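Single-structure report; data block below.
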Amino acid sequence: MGGVVGDCPVSAGRDGLFIVSAHADNDLSDHRRAKLAAWRARGGVYPNDFRRSHLAAELHERLAERSKEALAKDEVQVSVAGRIMLRRMMGKACFLTIEDVSARIQIYARVDGLEQGAYDDIEGLMDLGDIVGVCGVMMRTMRGELTVQASSIELLSKCLHPLPEKFHGLVDQETRYRARYLDLMMNEASRDVFKLRAKVVSGIRTFFEARDFLEVETPMMQPVASGAAARPFTTHHNALDMPLYLRVAPELYLKRLVVGGFERVFEINRNFRNEGLSTRHNPEFTMLEFYQAYASVDEVMALTTALIHQIAAHTGRRRVTLDGAQIDLSADFDAMSMEEAVCKHTGLSRDDAWNTDALLRTLGSEAPALEEAAPAGKRSAGELLFALFEARVEPNLLTPTYITGYPSEVSPLSRANDDRPEIVDRFELFIGGREIANGFSELNDPDEQLERFRAQEARRAAGDAEAMRIDHDYVRALEYGLPPTGGQGLGIDRLVMLLSGVSTIRDVLLFPLLKPEGGGHGE
RNA sequence: GGGUCGUUAGCUCAGUCGGUAGAGCAACGGGCUUUUAACCCGUGGGCCCUGGGUUCGAGCCCCAGACGACCCA
């Protein structure tokens with residue numbers, strides 16, 4: 001896109017979200033532009049033939065034990081490349097600190113160590129932020145720092161804007177999200193979160209592959225967005241002239257695969273929910289879902305514990321600190337039923353756990369919360385119990401805790417409990433007051449599933465926009481026979497938040513959704 | 001949706017009682033051949049988020065709005 005607003009050239013982000021006026025850097029970028037022009041005049045700009053021999057971290061690792069004297073004798077030839085992060089000019093010599101994907105390394109350049117005139121380029125052509133390639137020999141400075149003594153230094157790519165401040169880095173939250181490349185460039189802590197995230201995802205794959213699960217991809221665009229209580233995004237397919245919905249969950253497709261005979265499947269992918277933004281919610285977020293035939297809710301729970309134990313170990317985060325509280329992710333997880341948890345946290349008597357009046361009274365003590373948690377059409381005992389749970393218990397579940405015995409009304413895809421029809425064989429795992437995982441024995445009786453869908457439809461008719469939609473094709477798949485199955489969904493973003501100790505989902509998403517800058521719609 | 005706080009130089013931040021804008025880093029010029037957030041001397045740089053209002057005068061007070069952060073629902 002890009003375009004012109006008044007007389008002010010803009011480089012619009014793809015959505016016009018991040019507008020940088022040409023004047024934004026004042027004369028700072030003019031100097032850089034002038035250097036680019038000088039570089040162009042010389043020819044051979046933006047080359048792609050520089051090859052490096054080592055990453056910075058490799059050099060630090062391999063030469064850690066090598067003394068100043070030993071290095072001076074050995075003359076280890078290297079070529080390195082990266083972004084200039086620091087520069088210390090000292091007349092006829094200078095030090096640069098460059099950074100590549102692995103680490104930083106110092107460069108030492110002196111007039112008499114480079115080809116004729118080459119030293120002047122460091123001042124005349126290069127700036128902080130530029131990408132350079134350096135050839136030279138390894139040395140140690142008087143202070144002992146491992147350094148590349150340059151025999152040549154070449155500009156590979158120009159940075160036309162000034163970098164954020166070298167010491168404090170980039171702090172402004174909004175800019176960190178809107179210009180993530182700057183955040184990543186400047187903030188190691190931010191890079192670490194996303195490295196951790198990748199490790200979590202790869203750890204999950206390893207876990208399931210070791211257990212003979214098949215990784216699959218199911219539709220993002222669905223004719224019926226079902227499988228979760230959430231509002232979908234709507235789109236339209238032109239050729240077929242039909243509405244399509246971005247999925248709110250992959251669940252019903254994954255279970256179709258189990259019907260088809262893939263007895264163990266998992267998917268790690270995006271879900272989309274048309275809801276507000278908060279420190280815990282982004283419209284698109286990443287879920288793990290897995291399904292295992294001939295497993296019950298108890299086995300799914302055990303598998304979930306094993307998974308989190310393994311990920312915590314794999315990422316070296318067996319213990320995490322959350323809001324000052326120590327959480328041990330390597331210990332056994334607590335478990336209690338929902339009615340037990342609600343009674344414990346609200347003082348409700350156990351005999352009244354399914355008594356609508358008593359539940360309403362208890363909820364009523366949070367009067368403002370009532371309409372939100374349990375609107376008029378949504379006040380069966382099970383729904384009220386669930387509303388109480390969400391309002392009064394959930395935030396207090398800091399240490400890993402499984403809650404079991406969910407009311408049937410709020411669990412339209414879960415198998416009913418054999419002894420107590422009002423609850424289902426379902427659990428959710430809470431850590432740090434947040435829901436991390438949700439699993440159950442799958443409802444595989446097609447007739448009961450259709451009934452549950454119809455109950456949801458009735459609720460939708462009564463005004464509940466989040467009620468689950470009927471997926472008739474899914475019911476038909478169930479009619480072919482879904483084996484007894486257990487399954488689970490786990491929020492990857494929240495797990496990464498937990499492991500990395502950040503408190504907002506935006507810090508674990510590379511490009512979180514933000515309101516357009518300036519309040520307008522992107523062009 | 002409600003409340004609180006924030007938005008000042010490219011970045012990180014000060015800004016007194018309402019009296020016309022400051023520092024460090026970055027930039028530019030000069031000095032400096034082992035520095036390391038290099039240092040020393042000098043220079044330039046502002047839509048004080050936007051729009052109204054009060055006032056002789058607003059970065060500062062009032063109103064509305066935008067965006068962000070945090071809390072509540």
Side-chain angles (χ1 to χ4, degrees), chain A residues 5-8 17-35 68 71-72 84-99 104-114 119 122-124 126-130 139-150 159-179 182-183 185-187 275-280 323 363 366-375 387 390-392 395 502-507 512-522:
Chain A
V5 174
D7 289 320
C8 172
L17 298 187
F18 188 62
I19 297 175
V20 182
S21 90
H23 311 133
D25 303 334
N26 296 304
D27 63 325
L28 295 180
S29 59
D30 290 348
H31 291 112
R32 290 167 183 259
R33 281 276 171 195
K35 290 177 185 177
K68 178 172 162 65
L71 283 170
I84 303 175
M85 301 306 288
L86 295 170
R87 184 165 72 162
R88 298 174 285 279
M89 305 300 297
M90 299 180 304
K92 296 188 177 61
C94 71
F95 287 92
L96 307 178
T97 300
I98 68 169
E99 181 165 339
R104 293 184 171 195
I105 187 136
Q106 181 169 266
I107 308 296
Y108 178 49
R110 40 199 282 181
V111 176
D112 51 19
L114 298 173
Y119 185 83
I122 297 173
E123 271 197 300
M126 301 175 195
D127 291 292
L128 283 180
D130 288 359
M139 61 168 274
R140 243 175 232 291
T141 64
M142 287 168 72
R143 301 278 292 273
E145 179 158 350
L146 189 67
T147 299
V148 180
Q149 177 156 10
C159 178
L160 292 172
H161 298 278
L163 252 36
E165 207 245 0
K166 64 186 178 190
F167 185 58
H168 298 91
L170 179 64
V171 170
D172 184 77
Q173 292 270 45
E174 193 173 349
T175 310
R176 286 186 49 227
Y177 300 142
R178 290 194 195 275
L182 283 179
D183 177 41
M185 210 183 284
M186 301 307 298
N187 298 323
E275 292 161 357
L277 307 172
S278 80
T279 51
R280 310 177 177 197
D323 303 328
L363 244 185
E366 313 229 318
L370 184 58
E371 270 309 306
E372 181 78 21
E390 286 195 311
R392 304 279 286 274
V502 305
S503 57
T504 163
I505 196 170
R506 284 178 168 176
D507 283 334
L513 184 70
L514 300 176
K515 283 197 198 179
E517 227 174 358
H521 302 278

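Computed from a prediction, not measured in an experiment: that's the story for all the values here. Every chain is numbered from 1, with letters handed out A, B, ... down the list of sequences.
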Can you tell me the base-pairing partner of B:G19? Count Watson-Crick or G-U wobble geometry only, both distances below 3.5 Å, and say none if there is no partner. B:C56
B:C61 and B:C17: how far apart are their C1' atoms, nearest whole angstrom? 12 Å
With rounding to the closest Å, how many angstrom separate the C1' atoms on B:U34 and B:A9? 34 Å
With both distances under 3.5 Å as the test, what is the Watson-Crick or G-U wobble partner of B:G1? B:C72
Of all heavy-atom pairs linking A:Glu145 and A:Thr147, the shortest is O-OG1, 2.9 Å
A:Lys166 has its side chain closest, among B:C67, B:A37, B:A27, to B:A37
So A:Leu163, base contact, sugar-phosphate only, or nothing? Heavy-atom distance under 4.0 Å. nothing
Whole angstroms only, please: what is the CG-P distance between A:Leu170 and B:U7? 17 Å
Distance check, C1' atoms only: B:C72 and B:U16, in whole angstrom units. 35 Å
A:Leu128 vs A:Met89, nearer the 5' end of RNA chain B by closest nucleotide: A:Leu128
Within the 4.0 Å heavy-atom criterion, would you say A:Arg104 contacts the bases, only the backbone, or no part of the nucleic acid? nothing
How close do A:Met126 and A:Arg87 get, heavy atom to heavy atom, and via which atoms? O-NH1, 2.9 Å
Pick the P atom in B:C56 and in B:C41, then give their distance to the nearest Å. 46 Å
How many Å lie between NE2 on A:His31 and C1' on B:U43, as a whole number? 11 Å
Between C1' on B:A69 and CZ on A:Arg506, what's the gap in Å once rounded to a whole number? 9 Å
Touch class at under 4.0 angstrom, heavy-atom based, for A:Met186 against every strand present: nothing
Pair partner, B:C32 [Watson-Crick or wobble, under 3.5 Å]: none
At 4.0 Å (heavy atoms only), tell me whether A:Arg176 reaches a base, stays on the sugar-phosphate, or touches nothing. nothing
Looking only at non-hydrogen atoms, find the nearest pair between A:Arg506 and A:Pro512 and report the distance. CG-CB, 3.6 Å
Rounding to an integer number of Å, can you tell me how far A:His161 NE2 sits from B:A9 P? 17 Å
Base-pairing mate for B:A38 - Watson-Crick or G-U, with both contacts under 3.5 Å: none
Select from A:Glu165 and A:Ser278 the residue whose nearest nucleotide in RNA chain B is closer to the 5' end of that strand. A:Glu165
Measure the shortest side-chain to side-chain distance between A:Arg88 and A:Thr97 over non-hydrogen atoms and say whether it is less than 4.5 angstrom. yes
Could you check which nucleotide pairs with B:A66 in any of the strands shown, counting Watson-Crick or G-U wobble with both distances under 3.5 Å? B:U7
What distance, rounded to whole Å, do you find between the two C1' atoms, one in B:C60 and one in B:U8? 11 Å
In short, A:Met186 meets A:Leu163 closest at the heavy-atom pair SD-CG, 4.1 Å
How close or far is atom P of B:A38 from atom CD1 of A:Ile107, stated in whole angstroms? 15 Å
Using the C1' atom as the point on both nucleotides, what is the distance between B:A14 and B:C25, in whole Å? 15 Å
Rounded P spacing from B:G22 to B:U43 in Å: 14 Å
Measure from CD on A:Gln173 to P on B:C11 and round the result to the nearest Å. 15 Å
note: A:Lys515, atom NZ; B:G65, atom P; distance rounded to Å ~ 12 Å
Gap between atoms CG and C1', on A:Leu514 and B:A66 respectively (whole Å): 14 Å
Grab the two heavy atoms, one from A:Thr141 and one from A:Lys68, that are nearest each other, plus how far apart they are. O-CD, 3.9 Å
Say we look at B:U7 and B:C13: how far apart would their C1' atoms be, to the nearest angstrom? 13 Å
Considering every strand and a 4.0 Å limit on heavy-atom distances, what is the contact class for A:Gly169: base, sugar-phosphate, or nothing? sugar-phosphate
Exercise: identify the closest heavy-atom pair between A:Val171 and A:His168: CG2-O, 3.6 Å
Write out a two-atom table: protein N or O, nucleotide N or O from nucleotides 33-36 of chain B, distance below 3.5 Å.
| residue | atom | partner | partner atom | Å |
| --- | --- | --- | --- | --- |
| B:U33 | OP2 | A:Lys92 | N | 3.3 |
| B:U33 | O2 | A:Arg110 | NE | 3.0 |
| B:U33 | O2 | A:Arg110 | NH2 | 3.2 |
| B:U33 | N3 | A:Asp112 | OD2 | 3.0 |
| B:U33 | O4 | A:Asp112 | OD2 | 3.0 |
| B:U34 | O2 | A:Met142 | N | 2.6 |
| B:U35 | O2 | A:Arg88 | NE | 2.5 |
| B:U35 | O2 | A:Arg88 | NH2 | 3.1 |
| B:U35 | O2 | A:Gln106 | OE1 | 3.4 |
| B:U35 | N3 | A:Gln106 | OE1 | 2.9 |
| B:U35 | N3 | A:Gln106 | NE2 | 3.0 |
| B:U35 | O4 | A:Gln106 | NE2 | 2.7 |
| B:U35 | O4 | A:Thr141 | OG1 | 2.8 |
| B:U36 | O4' | A:Arg88 | NE | 3.1 |
| B:U36 | O2 | A:Gln106 | OE1 | 3.2 |
| B:U36 | O2 | A:Glu145 | OE1 | 2.6 |
| B:U36 | N3 | A:Glu145 | OE1 | 2.7 |

